Protein chains: 2
Amino acid sequence: MAEQKEEVFYGTVLIKAKEIMDFILESRVSPTLKEISENVDMTKSTVLKILKTLEHCGYVRRTEDAKQYYLGTMFLAYAQKVNHTFDIRQITMPHLATLVSEIEETVNLGIVENQQITLLDKIESNSTVYLVARVGGQMHMYSSSMGKAILAEYSDDEISRYVSATSFEKLTPNTMTDISSLIEDVGKVKKRGYAFDNEENQPDIFCVGFSLCKNNHIYGAFSVSMPKYRASEEKIANIIEEGKKIQAKILSEL
Amino acid sequence: MAEQKEEVFYGTVLIKAKEIMDFILESRVSPTLKEISENVDMTKSTVLKILKTLEHCGYVRRTEDAKQYYLGTMFLAYAQKVNHTFDIRQITMPHLATLVSEIEETVNLGIVENQQITLLDKIESNSTVYLVARVGGQMHMYSSSMGKAILAEYSDDEISRYVSATSFEKLTPNTMTDISSLIEDVGKVKKRGYAFDNEENQPDIFCVGFSLCKNNHIYGAFSVSMPKYRASEEKIANIIEEGKKIQAKILSEL
DNA sequence: CGTTTTTTTGCAATTTACGCAACGTTCTAG
DNA sequence: CTAGAACGTTGCGTAAATTGCAAAAAAACG
C-alpha cells in the first residue's frame, strides 16, 4: 500500500511566509490583512506578525495607508542574481531574439526544475496577444513542448522514473494523461528532434519545442508558441527549419 | 541616555533565512553549506535545515553534486510582480531610454524605500563601463543625487526627521556627513530643481538627479551618472536641460 | 584503505510562535 | 453626530517548533 510519503520539513514559518507571499503574487490587486488571512487559512494575528517580519526583510511593503500589502523590491536583487546564475539565458536570448524576428511568433526559454519546466524568459512577437505563461511560472513536462523535448533526452530509466513520480492532470481535452501515449509521443520526438504541444497545455495554443542538451547535460529548452489558427503546415515547417538552426547555434556556444 | 531601541521581530527563522539568502546573493560563486554556516554564524545543522526548507519553497537550489547552493527561479516570478506593481517603471523607462540615446550616459531609476534609494532599473549607454549600483541595490539618500533630489521635495519637518534617524557614513572624501552642509545642499536643490552627486557616493562617479513627484506624492527619482572626467560643464548643462524636459514629460503621465 | 573533511541525522532542552481574546482604530450607516 | 460594525493591533499562556550538540554517514584525500 503506497502511503503518501509525507516528507517533514522544518521552518513552518518559512512555508507560511511563502504561502503569504504567493498569495500576494497571485492577487490581482494588493490584498489586505483580512484577505490574506482568509485565503491562506491563518489567524489575522499570525499573518500580521509574519507580514511585519517580511516587511522588515524587504520582502513585502504596504501602501501609505498601511492597508494593502505588495511584494518588495528585495526580489529584484534576488532575481538579478538568478538571471546571472543561469547564464544559459545570456547565451540563448540573442539567438531566440533573431528567431522571433524571423518567424514572428512568441519564443520561450525554459529549464527543468523539480520535474517541471520553469519559464526563464520569453520574447513576444508583435502579433502576440495570447498569454502562454508568465516568466517564473511552471508547467508540466508531459503537457508542454519544452517538457517533451527534454523527456526525449532522458534514458528509458529516467522516463519511467518520471512517469511513476508524476500524477497526470487533464488540462485540456488533448492533454496526454495515459503513460503509453506519452511514451509513444516522446519516442517520436527522439527521432524527429523536436516536440509538439497541440493544445495539450492550454486550449488554442500550439507549440514547437527544442531541447538544449550537450554532453549529457540538460541546459533547458526553448519553444515557439502561437494560437492554433496560425499554426499552418508551412509555418510549422518553417519553424522547425529555423528552430533547428538556432538550436545548433546555441549548442555550439554552450 | 538614548538606548538603542531594539525592535522585536517575530519569525527569527525568516530573518535567518534572509541572512542565508543574502549571503548567497553576495557570494561571487555559489557557496557550500560550510561556507554559509561560517559566514552567517549558525551551526551547520541549522543552516542545513533552513536550506532544505528554502529548497522546498523554490528559493534556493543546489548544484547536481548537491554541494553548492544558489538562488532559485521562484524569485523571477516575484520580481516580475514587483516590476508590474511599480508601474512607474513602465511609464518612465521609455522616456529614460530616449534620454540615454540623447546624452549617451547611464540613466538610473530609483524609488524611496525605508529612508533609502532602491535602484529599480537602469539603462546603460554604450560608453559605460562603470558600475554605479546593481538593480535592486540600495544607496543612501544623503550621498546620492536621486536621494538629494527627493530630500528637496520633503518639508523641513520631514528633512529633520530624516537626518535625525540617519547615521552618516563617509563613503568617499566628498560625502556630506554633517547635517548643515547637507541641508544647505538640499536647499540649493530645491531652488534649482536638480541635484548633484559629486563623487559623494562613489569615487570618480558624477551624477545629476531629478525627482519624480506630483500632487505631494513621491514616485521616485532618476539620475544620469558618468565618470567624473566626462562631466564637463557643457555636458552637465546639456543633461540638466534634457533631464528637465524628460522630467516634465514623465510627470505629465503620472 | 585509513584518515580527514564535510554533510546529515536524532534528540532533549529551550525558545519561539500560535491563536485566543481583548483593545484601538477606522469605516459605515441611520 | 453617534452607534455599531469591521478591521487592524497587542499581550499572553500554552503548545509546538527550533536549536545545537554529538554521533553517524558519506565523501574527499592521500
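All values derive from a computational prediction rather than experimental measurement. Each chain gets a letter, A, B and so on, in the order its sequence line appears, and its residues count up from 1.
The distance from atom CD of A:E55 to atom C1' of D:dG8 is 14 Å, rounded to the nearest whole Å. Computed from coordinates, the B:I15 CD1 to D:dT18 C1' distance equals 15 Å when rounded to whole Å. For the pair A:I36 CD1 and D:dC7 P, the computed distance is 14 Å after rounding to whole Å. Distance A:L48 CG to D:dC12 P: 17 Å, rounded to the nearest Å. In this structure, B:I50 atom CD1 and C:dT8 atom P are separated by 15 Å, rounded to whole Å. When rounded to the nearest whole Å, the span between CG of B:L33 and P of C:dT9 equals 12 Å. Between the C1' atom of C:dT6 and the CG atom of B:L51 lies a distance of 14 Å, rounded to the nearest Å. Taking atom CG of residue A:L14 and atom C1' of nucleotide C:dC18, one finds them 16 Å apart after rounding to whole Å.
Within 6.0 Å of the CG atom in A:D178, the count of heavy atoms belonging to other residues, nucleotides or ligands exceeds 12.
Taking the six-membered ring where tryptophan is involved, the planes of B:Y59 and B:F75 are essentially parallel, since the angle between them stays under 30° and well short of 60°. The aromatic rings of B:H140 and B:Y142 lie parallel to each other, with less than 30° between the two planes, well short of the 60° mark. Using bins of under 30°, 30° to 60° and over 60° for the plane-to-plane angle, the ring pair B:F210/B:F222 lands in the parallel bin.
Of the residues in residues 18-28 of chain B, none lies under 4.0 Å from DNA chain D by heavy-atom distance.
Atom SG of B:C57 is separated from atom NZ of B:K52 by 14.0 Å, given to the nearest 0.5 angstrom. Taking CG of A:L25 as the reference point, atom NZ of A:K18 lies at 8.5 Å (rounded to 0.5 Å).
Taking 4.0 angstrom as the limit, A:K44 places none of its side-chain polar atoms (N or O) nearer than this to OP1 or OP2 of C:dC23. For B:R62 and C:dT8, the shortest distance from a side-chain N or O to OP1 or OP2 is below 4.0 Å.
A salt bridge links A:D156 to A:K190: at least one charged side-chain nitrogen sits closer than 4.0 Å to a carboxylate oxygen. A salt bridge links B:R134 with B:E26: the distance from a Lys NZ or Arg NE/NH1/NH2 to an Asp or Glu carboxylate oxygen falls below 4.0 Å. No salt bridge links B:E253 with B:K249; every basic N to acidic carboxylate O contact stays at or beyond 4.0 Å. Of the charged side-chain nitrogens involved, at least one lies within less than 4.0 Å of a carboxylate oxygen, so that B:R61 and A:E113 count as a salt-bridged pair. Look at B:D185 and B:K148 and you find a salt bridge, because one of the NZ, NE, NH1 or NH2 atoms lies within 4.0 Å of a carboxylate O, short of that distance.
In the helix from C:dC1-D:dG30 to C:dA22-D:dT9, the end axes, each obtained as the rotation axis mapping the C1' atoms of four pairs onto the next four within a five-pair block, lie 50° apart to the nearest 10 degrees.
Across the interface with DNA chain D, nearest-nucleotide mapping of A:T32 and A:V13 shows A:T32 to be the residue nearer the 5′ end.
A:K34 comes within 4.0 angstrom of sugar-phosphate atoms only, judged by non-hydrogen atoms across all strands, and of no base.
A 4.5 Å side-chain heavy-atom check between A:F168 and A:I179 finds at least one atom pair inside the cut-off.
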Practice item. Using a 4.0 Å cut-off on protein heavy atoms (strictly under), produce a 5'-to-3' string for nucleotides 20-29 of chain D with B for base contact, S for backbone-only sugar-phosphate contact, and - for none. Key: BB------S-
